[in-house]
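As the structure is a prediction and not an experimental result, all values here were calculated from the model. Order of the sequence lines sets the chain letters (A, B, ...), proteins ahead of strands, with each chain counted from 1.
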Protein chains: 2
Amino acid sequence: MTVDSETGTRGRTRKAILDAAIRVLAADPSASLGQIADAADVGRTTLHRYYPDRAELLTSVMQEAGRRLGDAAVRARLDEGTGLDAILRACQTLLQLGDLLTLMFTEVVSIDTCGPEHGFSQSLDDACARGLADGTLDTRLSPGWLQGILWSSLYLGWSELREGTTPPHDVVSQLLLTVRKALAAPGE
Amino acid sequence: MTVDSETGTRGRTRKAILDAAIRVLAADPSASLGQIADAADVGRTTLHRYYPDRAELLTSVMQEAGRRLGDAAVRARLDEGTGLDAILRACQTLLQLGDLLTLMFTEVVSIDTCGPEHGFSQSLDDACARGLADGTLDTRLSPGWLQGILWSSLYLGWSELREGTTPPHDVVSQLLLTVRKALAAPGE
DNA sequence: CCTATCTGGAACATCAGTGTTCCACTGGAT
DNA sequence: ATCCAGTGGAACACTGATGTTCCAGATAGG
């Protein structure tokens, strides 16, 4: 029995609840704890055993978001290559966040509030600055706008994916094509 | 005294409530009727006098959205010029919908449910088809994706506008530039 | 098998939002 | 001055979500 983090049954139950919360809240930000408990295949009592408050559950969702965002940042290797390439890599990696994208976009979870220490925002800022300097990004667009395009396109892509009507590969290729066209410097 | 629609005091009160509802619900989709009444500078009792249900209020918001969307469609003259130009005109016109964009995007109000008779969706579909045929739109992108880009960029633009940190003119120019770059055919 | 742990349901108090009714007040029109 | 439509507040019942407690059944692990 480890001293700190949970193992076995408890750990699995806690994860099931957290996953259900992300899934259900993405579909309906004002979903009740009962709905979340149902989705997790768990009694409402059990949910309260793990997360006494709705607030504590949301906090845990934010922390989980921060963790996955941090992982994404590492996997995207935002500090390598040109700014544009880094951003396109970020696109592909972030798309895998799935429902978390919805939560971040609907501000159930704020990108910056969910744990600034993951350093994702900073890495992305750096990639933008690098791209504007190395001539791969369109200098007529402000850094804030560039990132806005990234996030909103990402959200669009995830919406299509979730819909399920477009094959995943087509979504990814249209997403990358769009972001590249929108953000690339004119001459490029 | 007209027979049908309200005039004078009642008409003004009804409009104040409707406007407040759009404003408040855009900021918080699950806002209480009390908050909306406060924002409209009206007692909660009065709100119920005009809109007996929350449901009826939402229905009226949808109808209002349909009306304004219809107006936008007319003003954008979607059936004139090339497909790309029509879409860029749509961008500028739709940006003026303001908070309604937020409501449509967060699906408090669905674009198609809010009154399909306004014909906006149809006109936009037509403009896309025209653009794909006349060579002004990128044929590598599906019609659904093209419109998705339009809406999500629009939402981004409105977010920046609402924020108030970027001058309106800059928002419009970045928006048009982005949409044009993203949607235009490669050779264009 | 047996025990410690984990679980789900029932019951409960609490609270906020909703929708209703009633009444007193205001301001403008006659 | 006197109507009177329009208004806002107080009070009420009702509902659904929340958080708590308690207990009986299930389950894992020795």
Taking only nitrogen or oxygen atoms into account, show me every contact under 3.5 Å that the protein makes with nucleotides 5-8 of chain D, one pair per line with its distance.
residue, atom, partner, partner atom, Å
dT7(D), OP1, T13(B), OG1, 2.4
dT7(D), OP2, Y50(B), OH, 2.7
dG8(D), OP2, G43(B), N, 3.0
dG8(D), OP2, T46(B), OG1, 2.4
dG8(D), N7, R49(B), NH2, 3.0

Show me the donor-acceptor pairs, under 3.5 Å and distance only, between side chains in residues 22-43 of chain B and residues at least two apart or in other chains.
residue, atom, partner, partner atom, Å
D28(B), OD1, S30(B), N, 3.0
D28(B), OD1, S30(B), OG, 3.1
S32(B), OG, G34(B), N, 3.4
S32(B), OG, Q35(B), N, 3.2
Q35(B), OE1, S32(B), N, 3.0

Expressed as a whole number of angstroms, how long is the span from D38(A):CG to dA17(D):C1'? 13 Å
To the nearest angstrom, the CD-P distance between E56(A) and dT18(D) comes to 15 Å
Pairing of D79(A) and R130(A) as salt bridge, 4.0 angstrom limit: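 No, this pair does not count.
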Do R67(B) and D71(B) meet the salt-bridge criterion of a basic N to acidic O distance under 4.0 Å? no
Rounded to the nearest 0.5 angstrom, the CH2-CG distance for W158(A) and L101(A) is 7.5 Å
Side chain to side chain donor-acceptor pair (under 3.5 Å) partners for T178(A), two or more places apart: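 For T178(A), the residues satisfying side chain to side chain donor-acceptor pair (under 3.5 Å) (neighbours in sequence not counted) are W145(B).
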Who are the side chain to side chain donor-acceptor pair (under 3.5 Å) partners of R49(B), not counting sequence neighbours? none
Apply side-chain hydrogen bond (donor to acceptor under 3.5 Å, both in side chains) to residues Q174(A) and R140(B) and explain how you reach the verdict. CA-CA 8 Å; Q174(A) 293 203 83; R140(B) 290 169 296 180; over 6 Å; no
I'd like to know whether L94(A) forms a side chain to side chain contact (heavy atoms under 4.5 Å, CB included) with F120(A), so could you lay out the CA-CA distance, the side-chain angles of the two residues, the decisive distance to 0.1 Å, and finally the verdict. CA-CA 11 Å; L94(A) 290 175; F120(A) 185 85; 3.6 Å; yes
By a strict heavy-atom criterion of less than 4.0 Å, which residues belonging to residues 24-34 of chain A are in contact with DNA chain C?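 Those residues whose heavy atoms fall under 4.0 Å from DNA chain C, taken from residues 24-34 of chain A, amount to none.
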Within the distance-only criterion (no hydrogens, no angle test), does the side chain of K181(A) pair as donor or acceptor with the backbone N or O of R180(B) below 3.5 angstrom?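 Answer holds: no.
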Between D126(A) and S123(A), do the side chains contain a donor N or O and an acceptor N or O under 3.5 Å apart?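 No donor-acceptor contact under 3.5 Å links the two side chains.
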Reading DNA chain C from 5' to 3', where do the contacts with chain A start and stop? Cut-off is 4.0 Å to heavy atoms.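 Boundary nucleotides touching chain A, in 5' to 3' order, are dC6(C) to dA10(C).
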